[in-house]
Asker: 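I have a structure here, written as structure tokens, and I will follow up with some questions on it.
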Amino acid sequence: MKIHFQQALRALILLAFCGLIFQLHYTGDITKYINPKYIRLSQSASILFLFLFFIQITRIWSSKIEKEEHEHHHGEDCCHHDDHSCSHHHDHGDTPFTGKKLLSYSIILVPLLTGFFLPARTLDASIAEKKGGLAILGNQKQEVNTSSGSEESDFDLEDYSFEEELEEVEELEHDLSVNEEVEEISNEEFKQLKKDLYSASAIKMDDKVFSLYYEEISKDIDKFIGREIEFQGFIYKEEGLASNQLVISRFLITHCVADASMIGFLSEMEEAPKLYDNMWVKVSGVIDKAAYNGTELPLIKIKEWKEIEEPFIPYLYPLTIKIL
């Protein structure tokens, strides 16, 4: 009986990937990397790694008879390929380590080591600055105006600028990547949420509706001036803002953390100089508007605020709508 150590290493790598994904699900940190609608797909990947691990186990040991049979068949193959001088080689896990192999294994091991030993880091103000900060919010406002034109909001699904994202959700609806536990809403519920935004005495921006309400407010700020609003987020300060101004922000994840985009409100408050980047706050205030680099943005004049703990799930995700 011969043990193939490279085959054993490959089996260990497969088991480690399975364990890493399981750990992320067990701790809940998986939502810090991907949109929850892909959780089932991630779970399927963990099961697949485990299945491949059991297959790989059978390749770790080989008997002397198996080795002789392999060498016999390999010799016959060479006889049939004399024109090629039998130059082909198969790696059965018993060839010596080379620099190329070492590089290949290193590339595979890096995500495992970082996944197990480095904690999941939440996107924060430093990432918001690298992504463009307020300039991104200004660009989002211009994109909203371009997509909506001068049409009034009539509560139709087609007006929602996340329409393309919803179409992607429709395509994935019958796919394993759609998590049954993710709350889905119907078109009627979607329209009702928009109606509630316009009719409610005070706008409450919870995580479920944050991206939708933010989009609607940015689309036509004048309709919301003077309205009371309540929401929470982390503080981001940018050079060039007045001493009493800051941005209360959130990150929106469409698919995974790599495509995260910052959304949030420019805000004014007397205590702004005392607050610091990445501090999580819950605020209430009144909607106004201000200009930034020639673009009108919603401005929240904060009346009340309090510091809060960072939520376990700090990110926002687009609404998942049942098309049928």
Side-chain angles (χ1 to χ4, degrees), residues 16-46 48-49 107-137 139-140 143 161-162 164-169 171-172 175-184 205-212 214-215 231-236 238 247-265 277-280 308-320:
F17 271 112
C18 174
L20 176 60
I21 298 175
F22 176 81
Q23 175 182 287
L24 292 174
H25 281 278
Y26 181 78
T27 60
D29 284 340
I30 191 69
T31 56
K32 295 180 180 179
Y33 295 98
I34 62 173
N35 188 313
K37 71 182 180 183
Y38 296 111
I39 283 181
R40 277 186 58 188
L41 181 60
S42 175
Q43 292 170 338
S44 300
S46 179
L48 178 60
F49 277 123
I107 292 173
I108 296 173
L109 289 173
V110 165
L112 282 174
L113 295 175
T114 55
F116 277 116
F117 298 108
L118 294 181
R121 182 189 174 192
T122 303
L123 300 182
D124 56 18
S126 63
I127 304 300
E129 182 178 8
K130 291 177 181 178
K131 285 182 173 286
L134 271 175
I136 294 297
L137 301 184
N139 292 338
Q140 291 170 350
E143 290 173 2
S161 71
F162 286 154
E164 294 181 0
E165 177 59 28
L166 301 181
E167 290 175 354
E168 292 179 11
V169 172
E171 294 173 359
L172 292 168
D175 192 89
L176 286 175
S177 62
V178 179
N179 180 18
E180 293 179 347
E181 297 180 358
V182 174
E183 182 180 2
E184 295 181 340
M205 306 265 289
D206 59 32
D207 288 0
K208 176 181 177 181
V209 300
F210 197 107
S211 61
L212 170 62
Y214 173 80
E215 179 90 6
F231 63 100
Q232 65 184 31
F234 68 89
I235 290 175
Y236 164 62
E238 184 170 309
V247 183
I248 301 179
S249 314
R250 300 293 296 271
F251 276 101
L252 177 69
I253 293 181
T254 303
H255 301 294
C256 68
V257 71
D259 64 33
S261 59
M262 186 188 83
I263 60 177
F265 293 103
D277 280 347
N278 301 320
M279 177 181 180
W280 277 81
I308 61 173
E309 293 291 330
E310 178 183 311
F312 181 75
I313 302 178
Y315 303 134
L316 303 172
Y317 310 98
L319 286 171
T320 301

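These figures come from a predicted structure and were not determined experimentally. Hydrogens, waters and symmetry mates play no part in the numbers below; they use all other heavy atoms, side chains included.
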Asker: Using side-chain heavy atoms (C-beta onward) and a distance below 4.5 Å, is I235 in contact with V247?
Answerer: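 Counting from C-beta outward, I235 and V247 never come under 4.5 Å.
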Asker: Under the side chain to side chain contact (heavy atoms under 4.5 Å, CB included) rule, what do N35 and T254 come out as? Steps first, then yes or no, please.
Answerer: CA-CA 6 Å; N35 188 313; T254 303; 5.7 Å; no
Asker: Listed by chain and number, what are the salt bridge (charged side-chain N to carboxylate O under 4.0 Å, His left out) partners of D207, not counting sequence neighbours?
Answerer: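 Testing D207 for salt bridge (charged side-chain N to carboxylate O under 4.0 Å, His left out), a comparison that skips the adjacent residues, returns R250.
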Asker: Side chains of residues 109-121: which donor-acceptor partners sit under 3.5 Å, not counting sequence neighbours?
Answerer:
unit_1, atom_1, unit_2, atom_2, d
T114, OG1, V110, O, 3.0
T114, OG1, P111, O, 3.0
R121, NH2, D124, OD2, 3.4
R121, NH2, S126, OG, 3.3

Asker: Looking at every non-hydrogen atom in both residues, tell me the closest pair between A125 and N278 and how far apart they are.
Answerer: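 Heavy atoms only, the tightest pair is N-OD1, 2.6 Å.
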Asker: Would you mind reporting whether S249 and F265 have side-chain heavy atoms less than 4.5 Å apart?
Answerer: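 When only atoms from C-beta onward are counted, S249 and F265 do not touch, as no gap falls below 4.5 Å.
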Asker: Given 3.5 Å as the limit, does a donor-acceptor pair link the side chain of Y315 with the main chain of L123, or not?
Answerer: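 Looks like yes, one N/O pair under 3.5 Å.
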Asker: For the OH atom on Y26, are there more than 12 heavy atoms of other groups (residues, nucleotides or ligands in this structure) within a distance under 6.0 Å?
Answerer: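 No, because the 6.0 Å sphere around OH of Y26 holds 12 heavy atoms or fewer from other groups.
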Asker: Taking all non-hydrogen atoms of both residues, which atom of F251 and which atom of K131 are closest, and how far apart?
Answerer: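 Distance-wise, the nearest heavy atoms are CE2-CD, 4.0 Å.
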Asker: Can you tell me how far OG1 of T27 sits from CZ of F312, rounded to the nearest 0.5 angstrom?
Answerer: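 It comes to 6.0 Å.
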Asker: For F49, which residues count as a ring-ring contact (aromatic ring centres under 6.0 Å, His included) partner, sequence neighbours excluded?
Answerer: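 With sequence neighbours excluded, F49 shows a ring-ring contact (aromatic ring centres under 6.0 Å, His included) to F17, given in chain and number order.
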Asker: Just to verify, what does Q23 make a side chain to side chain donor-acceptor pair (under 3.5 Å) with, not counting sequence neighbours?
Answerer: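 Counting only residues at least two positions away or on another chain, Q23 forms no side chain to side chain donor-acceptor pair (under 3.5 Å).
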Asker: With a 6.0 Å cut-off (strictly less than), is the heavy-atom count around OH of Y33, excluding the residue itself, greater than 12?
Answerer: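 Counting other residues, nucleotides and ligands, OH of Y33 exceeds 12 neighbours.
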Asker: Working to the nearest 0.5 Å, report the span between CE of M279 and CD1 of I248.
Answerer: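 The CD1 atom of I248 is 10.0 Å from CE of M279, to the nearest 0.5 Å.
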Asker: Just wondering, do H255 and I34 contact through their side chains at under 4.5 Å, heavy atoms?
Answerer: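 Result no, sub-4.5 Å side-chain heavy-atom pair not found.
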Asker: Which is it for L316 and I263 under the side chain to side chain contact (heavy atoms under 4.5 Å, CB included) test, yes or no, and what are the steps along the way?
Answerer: CA-CA 10 Å; L316 303 172; I263 60 177; 3.8 Å; yes
Asker: Would you say the side chain of F234 lies within less than 4.5 Å of the side chain of P314, judging by non-hydrogen atoms?
Answerer: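 No, too far: nothing below the 4.5 Å cut-off.
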Asker: Kindly compute the distance separating CG (D206) from CD (Q232), expressed to the nearest 0.5 Å.
Answerer: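 So the gap between those two atoms works out to 9.0 Å.
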Asker: Please check if the side chain of S42 supplies one atom and the backbone of Y38 the other of a donor-acceptor pair under 3.5 Å.
Answerer: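 It does not hold such a pair.
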Asker: Using the ring-ring contact (aromatic ring centres under 6.0 Å, His included) criterion, which residues pair with Y317? Sequence neighbours excluded.
Answerer: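 Y317 satisfies ring-ring contact (aromatic ring centres under 6.0 Å, His included) with no residue once adjacent residues are dropped.
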Asker: Would you find a donor on one side and an acceptor on the other, under 3.5 Å apart, between the side chain of E238 and the backbone of E129?
Answerer: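 Checking the backbone N and O of E129 against the side chain of E238, no donor-acceptor pair under 3.5 Å is found.
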Asker: Report the C-alpha separation of Y214 and F231 in whole Å, then their side-chain angles, then the decisive distance to 0.1 Å, and conclude whether the ring-ring contact (aromatic ring centres under 6.0 Å, His included) test is met.
Answerer: CA-CA 11 Å; Y214 173 80; F231 63 100; 9.5 Å; no
Asker: Filter on salt bridge (Lys or Arg N to Asp or Glu O under 4.0 Å), then keep only pairs touching residues 21-30, sequence neighbours left out; what's left?
Answerer: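 Passing the test, one end in residues 21-30: D29-K32.
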Asker: Does some side-chain heavy atom of H25 sit less than 4.5 Å from a side-chain heavy atom of S46?
Answerer: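 A side-chain contact under 4.5 Å is absent here.
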Asker: Working to the nearest 0.5 angstrom, can you tell me the gap between L48 CG and I21 CD1?
Answerer: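 Answer for the CG-CD1 pair, L48 versus I21, is 9.0 Å.
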